[in-house]
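Notes to accompany the following structure.
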Protein chains: 2
Amino acid sequence: MSAKIRAVNIDAYRSNKLLMNPMGQPRQNHLADFKVGVDNVIFSVDTHLHRLLVLLVKREDQPYQNYWSFPGTLVRMGETLEGAAHRILSEKIAVKNLYLEQLYTFGNPGRDPREAPDQYGVRYLSVSYFALIRYEDAQLMSKNLSQVSWHNVAAIPTLAFDHNQILDYGYQRLRNKLEYSPIAFEVLPELFTLNDLFQLYTTVLGEDFADYSNFRSRLLKLGFLKDTGQKISKGVGRPASLFRFDARAFAPLRDKPLVFV
Amino acid sequence: MSAKIRAVNIDAYRSNKLLMNPMGQPRQNHLADFKVGVDNVIFSVDTHLHRLLVLLVKREDQPYQNYWSFPGTLVRMGETLEGAAHRILSEKIAVKNLYLEQLYTFGNPGRDPREAPDQYGVRYLSVSYFALIRYEDAQLMSKNLSQVSWHNVAAIPTLAFDHNQILDYGYQRLRNKLEYSPIAFEVLPELFTLNDLFQLYTTVLGEDFADYSNFRSRLLKLGFLKDTGQKISKGVGRPASLFRFDARAFAPLRDKPLVFV
DNA sequence: GCAAAAGTGTTAGCCCTACACCCATGT
DNA sequence: ACATGGGTGTAGGGCTAACACTTTTGC
């Protein structure tokens, strides 16, 4: 026990993180030193199987070895936060389009076990990012696919660090954004049926958020969904029209509350 | 000039922040070291004069000496982010109630001139917080009031660091929150008239966001504003009823979109 | 023909908007 | 009395929710 504390202190001393006053107590009011990480909560939707997915990687190293976690990395010298988010994302997955925004920052002491137990060593702060990508376009980038994979949000295991909490934030952000912002079209393929869109909303927001026929007519009346004239047949039943999202027609509705749902 | 760079490098070396490879170039892929600050965007509304206010402090030290900035501080060892936000806030202002939430994190290289010019020294990351307080309850905490004061959001000077950008984020958050969340009651006094409430919305969202009589009946129908029966007279004209926000009656409307406006 | 999936139509009730109007008070 | 600010009422247009109905396909 005392050996462990001693080791911590030596390490802290060596990296000049922990300053002692002449009484051997840590100085009050001394600034904390941080390493800053980014963690990406990457969502996608499998329209066919109606599954909301999030991308997880299995940690190869300590701490939390073999736990699933969000793709994250520590920020390097000269690198922007968003740059770090893009870097780690592109190491795990290849994707054409991508929606990315900052989610939340977690930086309380003790959130990373690499911090010294007495909390006077280096601290690890995580800036989390929220991302959406098209399931069809995404290509996982691992030789060993067991290390990177999609997980159904409905069944997420205990994750490394405070990542379950980060997921809660991300999931809530996703639900909120769906209601007033056209992010659904970041997740859908270029051409989609209105049923695809409806299924996406149902998958994320729950089964009973709205009636299909009303959802349909409300969105069509808004005028930013363009019927391409093409039809697609999914087995039995009447073929569906393929639509395209027209960003230009949507522009005037920006910042208007509640266009969807 | 070269003396300055030398000073930076010595400082970086001393705190073990800048590692050189044998060629004298900074090592690639080396992690950045951060100091983490919090900056509070503290809003209040002067209901009488219809002014939206934000609290600024005048910087006493370099960099940006004598510029106005948000009350901010660097995070100390063992301190939570929110703890640091509360600490600096209570140094500048005494207040009974307080609404505080995280706003956004700014951490790109070069945002603080204390970073070495070549950007390979310590970096300064800022986690900004959004706060709302009651103007009547707030007591500025300065012997020298010229150093801490309310500023009309309509006329903000050039601020220190990237604080004008932070203000933009904060102002937008305020407007969004007003629409779907009961934060207005954090800013209003305990008892208020419906006209106070309406003036608050008008001040923040603009003159023509709604009709007073419709605003009034819509909110009253929702049932979380309790008429205390007390009247208050503001000079000439019919005295107004004083209302109180009933948080319990509001609870079922939590997370429901667009209860206001 | 029939089941399945896509798409259209209808109706009643609600809410939002834009006003007009009435009420209570100070001077 | 009348100006001033507080408060109520109402007619209409538009939107929503719920559900019935029609169309187009595969088998």
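Since the structure is predicted, the reported quantities are computational estimates derived from the model, not experimental observations. Each chain gets a letter, A, B and so on, in the order the sequences are listed, and its residues count up from 1.
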Which nucleotide in D/dC19, C/dT25, C/dT8 has an atom nearest any side-chain atom of A/Asp211: D/dC19
Between P of D/dG14 and NZ of A/Lys221, the distance in whole Å: 10 Å
Residue A/Ala240, side-chain atoms from C-beta onward, closest of C/dG7, D/dT8, C/dA3: C/dG7
Measure CG/A/Leu242 against P/C/dA6 and give the value in whole Å, please. 11 Å
Ring centres of A/Phe260 and A/Tyr180 under 6.0 Å apart? no
Which residue lies more 5' along DNA chain C, comparing A/Gly237 with A/Leu194 via nearest heavy atoms: A/Gly237
Between A/Arg238 (CZ) and D/dC21 (C1'), how many Å, whole number? 12 Å
Using 30° and 60° as the class boundaries, would you call the ring planes of B/Tyr64 and B/Tyr67 parallel, tilted or perpendicular? perpendicular
Looking only at heavy atoms, which two atoms of A/Asp39 and A/Ser126 are closest? And how far apart? OD2-OG, 2.7 Å
Taking 4.0 angstrom as the limit, do A/Arg134 and A/Glu186 come out as a salt bridge? no
Report the distance from atom CZ of B/Arg218 to atom P of D/dT10, rounded to the nearest whole Å. 20 Å
Do the side chain of B/Ser213 and the base of D/dG9 come within less than 3.5 angstrom through a donor-acceptor pair of N or O atoms? yes
Write down the distance between OH (A/Tyr212) and C1' (C/dA5), rounded to a whole number of angstrom. 9 Å
